[in-house]
Amino acid sequence: MISSLRHALASMPILKFWRNLIPFTIAISFTIKGFSQSSDLAKLKTLSIEELMELKVTSVSRGPEKLSEVPSAIQVITREDIRRSGASSIPEALRLATNLQVAQLNSNAWIISARGFNTVFANKLLVLIDGRSVYTPLFGGVLWELQQVLLEDVEQIEVISGPGGTMWGANAVNGVINIITKGAKDAQGVYVSAAGMPFSNNDQVNREARPFSSPDFLRHSFAARYGTKINDNLFVKIHAQTTRRNSTFLNDSTRNTDSWDVSQVGFKLGWYPNEKDVIVVQGDVLGGVKDKNHTDADFDAQNILARWTRTLNEKSEFSLQTYYDRYFRDDPKAFADELWTADVDFQYRYKYAAGSHILTGAGYRYVQDHVMNRTNIGLLPAYRAMPMYNAFIQNETQISKVLRLTIGSKIQHNVFTGVEFQPSIRSTFSFGSTNTLWAAISEAVRTPSRLDVDYYLFLPPDPTIVSGDINNFVSERLKAYEIGYRTQPISGLSISLATFYNEYRDVYSVETQPDKTLKIMNGSEAETWGAEFSGFYQASSSWRIRGGFTYFDKSLRAKPGRDHDPSYLMNDVKHQCLIQSMFNVTPNVEFDLVARYLDYIPASFATSRVPEYVTFDARLAYRRKFIELAVIGQNLASERHSEFQSGLIQRSVYAKVTCRF
Amino acid sequence: LLLAFCDFTVTAQSPTDEEVKAIYIYNLINFVEWPASTFKSSSDPFIIGVSGGDSYLNILRELVKGESYRNRPIEVRKVDPDDVINKCHILYIEKRCPITDRFISLTKDKSILTVGDHDDFLKSGGMVRFFLDESKVKIEINKELAQQRNLVISAKLLRLAKLYME
């Protein structure tokens with residue numbers, strides 16, 4: 001299996017190309033390194049402070065600034081947090097943000113939501129990977145199995161709960177996940193890792209249901225990255241990874257048939273041609289196979305992105321970004337879909353006073369899909385083009401030393417509901433050196449997806465039983481009120497509290513019509529409220545702790561006069577809690593724990609009750625020079641537990657060897 | 001292609017802001033006095049911690065090669081695993097750093113000179129901030145905070161820098 005994969009990868013033209021290029025680029029970097037920078041530096045070193053202050057420089061360290069004073073509920077997961085958690089995928093890493101509810105449905109599917117509406121078709125979250133939107137207009141949610149990122153190269157994951165529609169656009173109703181990977185300049189050198197369960201006696205295919213559990217969810221995972229400097233202005237990195245995950249369990253303790261594997265190759269290039277411009281080009285291709293009830297379900301995806309940032313002067317800069325993205329998923333027994341996205345975005349930023357700036361932009365996205373309906377459930381028409389365009393403006397003003405005000409709106413046009421506005425007003429009040437109090441009122445919309453308007457369930461010879469209604473379905477709307485506080489009360493401790501009250505109108509519903517058929521409408525409404533607490537504490541020089549607690553509650557109902565039960569739309573836990581401990585036993589030995597608690601999920605007419613659970617992951621690692629050896633256990637508290645519906649996720653153990661040169 | 005080549009020769013002449021900021025950091029060693037208690041033994045090195053991209057790390061390592069601080073070797077370390085923070089004398093936090101708050105809170109009550117280049121760096125509790133003014137790198141200092149942490153900044157540097165007022 002492994003060798004066949006390797007074979008398949010080796011025969012890919014892109015790898016052949018890089019294999020030939022690598023010795024060449026190494027040769028270049030060796031000849032350039034050494035003289036150019038150090039001779040300049042030696043000269044600069046002799047300058048006095050006065051001379052330094054008069055020296056004109058080329059600005060290369062641009063890019064986004066950190067978000068500590070952003071008036072929103074943000075939790076940041078760093079590369080170090082991910083490494084020490086033992087997470088082996090993006091969804092596992094996202095468990096570290098307690099303003100998200102993460103449920104693993106089976107081996108290859110996750111349900112991730114913020115501030116409620118956790119369902120298989122969770123559709124109120126915007127997810128961006130390096131500026132590329134990855135939620136699918138098919139159902140408004142994210143196909144997590146298609147989102148493969150080399151975790152070693154993640155710079156940070158920002159998880160913003162609460163509406164971000166003004167800046168980010170439709171679908172950023174309940175939150176935005178921003179996954180940012182390192183630039184080619186900061187991912188230089190060689191990284192190689194191998195992980196897996198070497199003593200597993202399980203066959204790779206797991207076609208037969210086995211009544212016993214072996215702790216081998218991660219069968220194997222191999223990854224490699226090489227980053228190099230081609231010249232002083234041009235940096236490039238390439239990576240490849242392949243992972244196989246075994247099947248999970250069904251509630252009768254037999255194996256599910258959901259094992260899968262996925263392989264990916266990608267590149268990133270950073271070019272600094274002169275003092276004004278930065279150009280980033282990146283892309284990747286991936287392919288894999290899921291076992292779905294003894295049938296191979298193939299999937300593949302490709303994307304390429306280019307971003308040009310130009311600094312016009314000290315006060316203003318613009319960026320122009322474009323990408324192309326395609327994916328294809330095939331479930332031979334149910335449904336296949338293929339989706340193409342082409343996107344272009346322009347942003348301009350003008351700083352008109354200290355702490356005050358205007359950010360404005362416009363974008364166009366063309367999405368087209370093709371679905372193949374293989375059963376009596378599907379989408380019609382089979383093809384649909386969904387062009388979208390938008391413009392936004394946001395003004396941030398420093399009103400006084402302590403008060404900052406941000407006002408803005410996005411105007412967006414989509415093919416289903418036409419023009420939508422998403423305004424927001426946010427204020428930040430900073431006092432002391434490290435206290436920030438913020439408040440916000442915003443409106444956001446969740447524009448219709450294919451699943452809302454083009455869905456049908458058909459049982460011949462009857463007429464259609466359930467169907468979407470493209471002429472009448474409108475966007476779901478949210479009005480959100482938020483207040484938050486961030487502080488650093490004592491040395492080593494930083495804490496944050498965000499509270500919210502949300503009003504949802506025109507929420508999705510399925511309602512019986514006079515002719516006894518069912519129609520998809522906007523007949524539900526809801527209010528939600530809650531609090532998200534998160535913190536970080538450096539207890540000693542060798543021990544740090546981070547974690548959080550989230551409380552969430554809701555009132556969800558049919559609109560007055562309507563008769564249906566929408567409870568299955570919100571399978572949310574009332575309380576959840578996570579603590580991550582990172583302890584350096586000696587300078588070379590790390591011992592880490594992540595414990596989490598999730599409250600029960602009540603049953604609805606369409607979903608079953610999920611009991612509350614507590615579980616923990618542990619990691620023991622030895623690091624010396626370029627090598628890191630680790631043993632990682634996941635979901636250790638019980639042999640199996642359920643996170644959504646009736647699937648069971650097993651205890652899992654794997655070993656990992658990592659080399660960095 | 002020719003155009004790109006011309007640009008390359010131009011940039012090679014004017015230093016980057018990263019290089020100049022690194023030189024500033026290196027020079028700070030001579031303009032600031034650390035309390036003797038920050039060194040445990042007479043052989044302890046002087047430590048510059050860097051959070052952020054590798055490019056600062058590489059430039060600083062190049063700069064301190066063969067240099068010493070009062071007969072102590074100078075070391076440049078990446079502060080990713082947080083255990084080195086306590087031992088740092090200078091901590092440089094790049095503006096792209098996602099966890100500036102954490103770093104700042106870790107240096108509370110300690111004689112660590114915190115240096116950064118984010119617009120709000122001093123506001124969020126840092127001591128020395130770089131900013132660009134007409135393409136020149138200038139510095140701003142929170143003198144009171146440095147005094148509170150027993151760091152003595154030379155009068156010459158304070159005269160040349162912009163002073164931060166809360």
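No experiment lies behind these values; they were computed from the predicted model shown. A note on names: the letters A, B, ... follow the listed sequences, proteins ahead of strands, and every chain is numbered from 1. FYI, side chains are in, hydrogens and waters are out, and symmetry mates aren't considered; it's all heavy atoms of this structure.
Here the NZ-CG distance, from A:Lys185 to B:Asn58, works out to 10.5 Å after rounding to the nearest 0.5 Å. Here the CG atom belonging to B:Asn27 is positioned 4.5 Å from the CD1 atom belonging to A:Ile49, to the nearest 0.5 angstrom. Here the NZ atom belonging to B:Lys138 is positioned 7.0 Å from the CE atom belonging to A:Met53, to the nearest 0.5 angstrom. Taken from NZ in A:Lys43 to CD1 in B:Ile23, the straight-line distance is 11.5 Å, to the nearest 0.5 Å.
Contacts of B:Tyr24 with chain A are made by both backbone and side-chain atoms, with heavy-atom separations under 4.5 Å. Heavy atoms of B:Leu145 lying under 4.5 Å from chain A are absent altogether. Contact annotation for A:Leu55: both backbone and side-chain heavy atoms come within less than 4.5 Å of a heavy atom of chain B.
A 6.0 Å sphere centred on CG of B:Asn71 holds no more than 12 heavy atoms belonging to other residues, nucleotides or ligands. Counting non-hydrogen atoms of neighbouring residues, nucleotides and ligands closer than 6.0 angstrom, the NZ atom of B:Lys143 reaches no more than 12 such neighbours.
Under the 4.0 Å criterion applied to side-chain N and carboxylate O atoms, A:Glu50 and B:Lys156 are assigned as salt-bridge partners.
Here A:Leu52 is the residue among A:Val402, A:Leu52, A:Leu493 with the most heavy-atom pairs under 4.5 Å with chain B.
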